[in-house]
Number of protein chains: 2
Amino acid sequence: MSHMRYSCLMAVDRDHVLRTAAALLTRKSTATMDEVAKAAGISRATLHRHFAGRDALVRALESLGIAECEAALDAARPDEGAARDAVHRLVREIEPAAALLAFLYTENQLFEGEEQNAGWARIDDRIAALFRRGQQSGEFRIDLTPAWLTEALYGLLASGAWAVSEGRVARNDFTHMIVELLLGGALRQPEQPREES
Amino acid sequence: MSHMRYSCLMAVDRDHVLRTAAALLTRKSTATMDEVAKAAGISRATLHRHFAGRDALVRALESLGIAECEAALDAARPDEGAARDAVHRLVREIEPAAALLAFLYTENQLFEGEEQNAGWARIDDRIAALFRRGQQSGEFRIDLTPAWLTEALYGLLASGAWAVSEGRVARNDFTHMIVELLLGGALRQPEQPREES
DNA sequence: CGCATGTGAGACATTCATGTCTCACCGCGG
DNA sequence: CCGCGGTGAGACATGAATGTCTCACATGCG
């Protein structure tokens, strides 16, 4: 680890703490504040100075995840070109945040009736809009609702992130596997319509 | 509370407790032993008499999930007929257990390095074998590994279960949406493969 | 009827994560 | 030189969940 450039006046790198916490909580969602602090290389006291409690930490992670999703959506230009290409760009852009997303996705399941961050609603809408655009342009089938396609994308991102972190699939194949499955499915289908017995 | 038909000699219906716990833990994975007991309509003491602790309860749920998966696999006859029809049967058979699977799937993520029940390995193998059979018969594309297709199936089952439980998709569409997305993908194909009735 | 069995209710100690606090250290700037 | 801000280490109390225990009650069976 790099102890270089420790300045007394320099506050602990908040972003570094958040990303370390994200990496840890992705693997062990019940990790202790103490474990999070150790993973980030700071003391529990300092961690608690920056994030009032575990809730605050999770909410900060949620904000980070939302920001990264928004950034990925912006970078993917979901309104340009073929919808399938936009989906491909989106998955590629969102890949670095997939592990964090997987954590937040499952974490949100236990918020039951509580109000969920409005940021997610906006992201859901943007992604669903992309699928809807693909349906209206005739690229995507219309019997799968945009809401379900959005949900399925989250699920595949989570599955992919876990599969990669446990070595069941290669990290390099992440985007390809998700995009190909989401768009093309498992069936082998001819590019050109052709007749076969 | 229903005191009806309380038999002294009759032990608390273990299966009923397990299924109630599964339903609750699916929605709130951090539910207390007390909440589980109340949900099952028994006291915490009785719950603790049947399951030594929370770990024992989760392991019992895991065994239940494994048994239901095995039963679904048996009922789906994965070695008969077209692979895509077998996948369709499998999803249909596994649908009732999808919520429990979703809970166990995310729960297993935090077992880190611990030994995981060997039952899952067997189920993984059987499902992967089905996808492999589909690849060898030429039905499924070969650029998506059986391991990834298996993982993706789990992810879609979890997403579907959550989406249904939160009302984002209709329960009746569960099987259709998962099978169609997993096999056919979101793209509109020139020749849509027909369903097994 | 009387006993055995299984249950509900609740008290109790224990463990653990959390949150708050104090104190010592260190580097910088006045 | 000395204060000041930020940190690390650790003590401490709190609360929650857990696990164990006891006692009273209900029901079926001999």
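The existence of a salt bridge linking B:Arg168 and A:Glu151 is confirmed by a sub-4.0 Å separation between a basic side-chain nitrogen and an acidic carboxylate oxygen. Using a cut-off of 4.0 Å between Lys/Arg side-chain N and Asp/Glu carboxylate O, A:Glu70 and A:Arg122 are scored as salt-bridged. Look at B:Arg77 and B:Asp85 and you find no salt bridge, because none of the NZ, NE, NH1 or NH2 atoms lies under 4.0 Å from a carboxylate O.
When atom types are taken as modelled, the side chain of B:Arg89 and the backbone of B:Ala76 share a donor-acceptor pair closer than 3.5 angstrom. Side-chain N or O atoms of A:Ser43 include one that pairs as donor or acceptor with a backbone N or O of A:Thr46 at under 3.5 Å.
Taking atom NZ on A:Lys28 and atom P on C:dA17, their separation rounds to 8 Å, with Å as the unit. Rounded to whole Å, atom P of C:dC16 lies 13 Å from atom CG of B:Asp55. Put simply, NZ on A:Lys38 is 11 Å from P on D:dG8, counting in whole angstrom units. Whole-Å rounding puts the B:Asp13 CG to C:dT7 C1' distance at 15 Å. Separating the CZ atom of A:Arg54 from the P atom of C:dG19 is a distance of 9 Å, rounded to the nearest angstrom. The distance between atom CE of A:Met33 and atom C1' of C:dG19, rounded to the nearest whole Å, is 9 Å. Rounded to whole Å, the distance from CG on A:Asp34 to C1' on C:dG19 is 13 Å. Rounded to an integer number of Å, the gap from CZ of B:Phe51 to P of C:dT7 is 12 Å.
The salt bridge (Lys or Arg N to Asp or Glu O under 4.0 Å) pairs that include a residue from residues 128-137 of chain A number zero, where partners must be two or more places apart or lie in different chains. Residues in residues 51-61 of chain B take part in no salt bridge (Lys or Arg N to Asp or Glu O under 4.0 Å) pair, two or more places apart or across chains.
OP1 and OP2 of C:dT7 both lie 4.0 Å or more from every side-chain N or O belonging to B:Thr46. Proximity of B:Thr32 to the phosphate of D:dA17: a side-chain N or O atom is located under 4.0 Å from OP1 or OP2. An OP1 or OP2 oxygen of D:dG6 is reached within less than 4.0 angstrom by no side-chain nitrogen or oxygen of A:His50.
Annotation: ring-ring contact (aromatic ring centres under 6.0 Å, His included) contacts of A:Tyr105 (sequence neighbours excluded): A:Tyr154, B:Trp162. With sequence neighbours left out, the side-chain contact (heavy atoms from CB on, under 4.5 Å) criterion links B:Thr175 to B:His88, B:Val91, B:Arg92, B:Glu95, B:Val179.
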Check: protein-nucleotides 20-23 of chain C nitrogen or oxygen pairs below 3.5 Å:
none

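When the local axes at the two ends of the helix from C:dC1-D:dG30 to C:dG30-D:dC1 are compared, using 5 base pairs at each end, they differ in direction by 10° after rounding to 10°.
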